[in-house]
Every structure is written in C-alpha cells, then in structure tokens.
Amino acid sequence: TYIGSILVSVNPYRLYNIYGKEQVLQYEGRALGENPPFGVGTPCLTGDGPSHAPTLCFSGESGSGKTEATKLILSYLAAVSQKRSTAPQILEATPLLESFGNAKTVRNDNSSRFGKFVEIFLEDGLICGAITSQYLLEKSRVVFQAKSERNYHIFYEMLAGLPSQQRQRYCLQGAETYYYLNQ
C-alpha cells in the first residue's frame with residue numbers, strides 16, 4: 001500500500017505574509033519535498049506518483065484551518081496554471097459557497113458547517129474545470145442555534161445586501177426581525 005506524501009499543517013491563528021503569488025511561484029516546477037510545504041500540490045498538476053489522479057485530503061477539528069488550507073492549495077494550483085481563465089473562477093466561487101455553509105460558532109466566526117469535495121479537472125497540467133460537491137452537516141442550524149452562535153451567513157448577507165425595492169417586493173425585513181436569525 002502506498003500512501004503518498006503527508007503534510008501536517010497547523011493553524012497559527014494569525015496571518016503571515018507567506019502566501020503571496022511571489023512565494024507561491026517559487027514552487028512551480030519543483031519536485032515534491034524540494035521546496036516544502038506547497039510542493040505537496042505539485043503532483044496534482046504533474047500526475048507524478050502512483051496514480052494519475054492524486055488526492056488531497058484536509059482533516060481536523062473545528063477551527064484547525066481546513067478551509068484556509070484548501071483555499072491556499074487551490075490558490076497555488078491556480079497560480080501555477082493561470083494560463084487558463086478557469087482557475088480564477090474556481091477561487092472566486094469559494095466565498096459564495098461558504099456563505100451557504102458557514103456560520104458563527106462559539107469557537108469560530110466563520111466555521112464551515114458542511115463537507116466539501118472539490119474535483120479539479122486538468123488538461124496538460126492546467127486547470128480546465130472543477131466540480132464542488134457539498135453537503136450540510138448541520139441542517140438543524142437553519143431552525144436552531146446554540147447560545148452565542150448564528151445561522152448560516154447567507155441569510156444575513158442577503159438581507160443586508162438586497163436593495164430596498166427587492167426587500168419590499170419579497171416582503172423581507174432586516175435580520176433582527178426574524179426569530180431564526182436571532183435566537
């Protein structure tokens with residue numbers, strides 16, 4: 001059995017200026033392990049390893065940085081294959097998907113309350129498409145939140161961002177008026 005390379009990442013709970021495009025491009029074309037840690041994403045583009053369909057799995061407890069690590073590796077893959085316009089579109093879709101599945105919890109203001117499977121399609125080592133499958137882990141959050149927690153971000157964002165004409169048209173009010181958004 002071959003498991004492949006393993007990268008353990010730790011959430012430092014602060015931002016470091018180590019993920020910019022200049023730093024990311026230092027890994028382009030490098031062999032795995034030559035310039036860690038982003039090198040773990042390189043086999044995804046090159047097809048190196050025991051399979052031509054490499055897999056990255058992000059696992060950890062709430063607040064450990066799985067969502068941020070996923071965004072970083074997607075940014076890396078997009079940066080080194082930016083000759084196609086599809087990669088930026090994949091990154092731009094992430095905040096919208098998070099709005100539907102993230103919520104404020106006691107431990108994390110932007111906690112993913114859903115599982116996500118992202119399938120990246122490559123053509124000659126370049127990203128040409130992607131499919132994101134997701135499933136809610138907490139359907140009950142729509143009707144009940146624990147003390148000091150909130151419902152899914154999308155409800156608050158929609159009510160705050162809709163122009164007044166559309167709010168009136170759909171008989172919507174501010175988030176503070178809805179029981180399910182203020183428990």
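A quick note: this is a predicted structure, and the numbers were derived from the prediction, not measured. Keep in mind that the numbers below use all heavy atoms, side chains included, and drop hydrogens, waters and symmetry copies.
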Next item on the list: Would you mind reporting whether Tyr178 and Leu172 have side-chain heavy atoms less than 4.5 Å apart?
Entry: yes
Note to self: Tell me every residue that passes side chain to side chain contact (heavy atoms under 4.5 Å, CB included) with Leu97, counting only those two or more places apart in sequence or in another chain.
What the structure shows: Thr132, Gln134
Item checked: Residues clustered with Phe121, ILVMFWY side-chain links under 4.5 angstrom -> Ile131
Next item on the list: For Gln183, enumerate each residue passing the side chain to side chain donor-acceptor pair (under 3.5 Å) test, keeping only those at least two apart in sequence or located in another chain.
Entry: none
Check: Can you name the salt bridge (charged side-chain N to carboxylate O under 4.0 Å, His left out) partners of Arg169, sequence neighbours left out?
Finding: none
Notebook entry, point to check: Sequence neighbours excluded, which residues qualify as side chain to side chain contact (heavy atoms under 4.5 Å, CB included) partners of Phe117?
Noted result: Glu119, Ser133
Next item on the list: Would you mind listing every salt bridge (Lys or Arg N to Asp or Glu O under 4.0 Å) that reaches into residues 91-115, with sequence neighbours excluded?
Entry: Glu61-Arg107, Lys71-Glu98, Arg113-Glu138
Notebook entry, point to check: Given the rule that I, L, V, M, F, W and Y join up when any side-chain heavy atoms are under 4.5 Å apart, are Phe114 and Met158 in one cluster?
Noted result: yes
Check: What are the two closest non-hydrogen atoms of Ala103 and Arg141, and how far apart are they?
Finding: CB-CD, 3.5 Å
Next item on the list: Using a cut-off of 6.0 Å, state whether more than 12 heavy atoms not belonging to Phe100 lie near its atom CZ.
Entry: no
Notebook entry, point to check: Does the side-chain contact (heavy atoms from CB on, under 4.5 Å) test come out yes or no for Leu181 and Arg150, once each step is laid out?
Noted result: CA-CA 7 Å; Leu181 303 181; Arg150 287 180 21 146; over 6 Å; no
Note to self: Count I, L, V, M, F, W, Y as connected when their side-chain heavy atoms are under 4.5 Å apart, and connections chain through other members. Are Tyr156 and Val106 then in the same cluster?
What the structure shows: no
Notebook entry, point to check: Considering residues at least two apart in sequence or located in another chain, which fulfil the side chain to side chain donor-acceptor pair (under 3.5 Å) criterion with Thr177?
Noted result: Gln173
Notebook entry, point to check: Quick one: side chain to side chain contact (heavy atoms under 4.5 Å, CB included) partners of Phe58, sequence neighbours excluded?
Noted result: Leu56, Lys66, Ala69, Thr70, Ile73
Item checked: Exercise: identify the closest heavy-atom pair between Val142 and Tyr152 -> CG2-CE1, 3.9 Å
Margin query: The criterion is side chain to side chain donor-acceptor pair (under 3.5 Å); which residues satisfy it with Asn110, sequence neighbours excluded?
Written below: Asn102, His153
Note to self: So, using side chain to side chain donor-acceptor pair (under 3.5 Å) as the criterion, who are the partners of Ser99 when residues are at least two apart?
What the structure shows: Glu157
Next item on the list: Mind listing the closest non-hydrogen atom pair of Asn151 and Gln145 along with its distance?
Entry: ND2-NE2, 3.1 Å
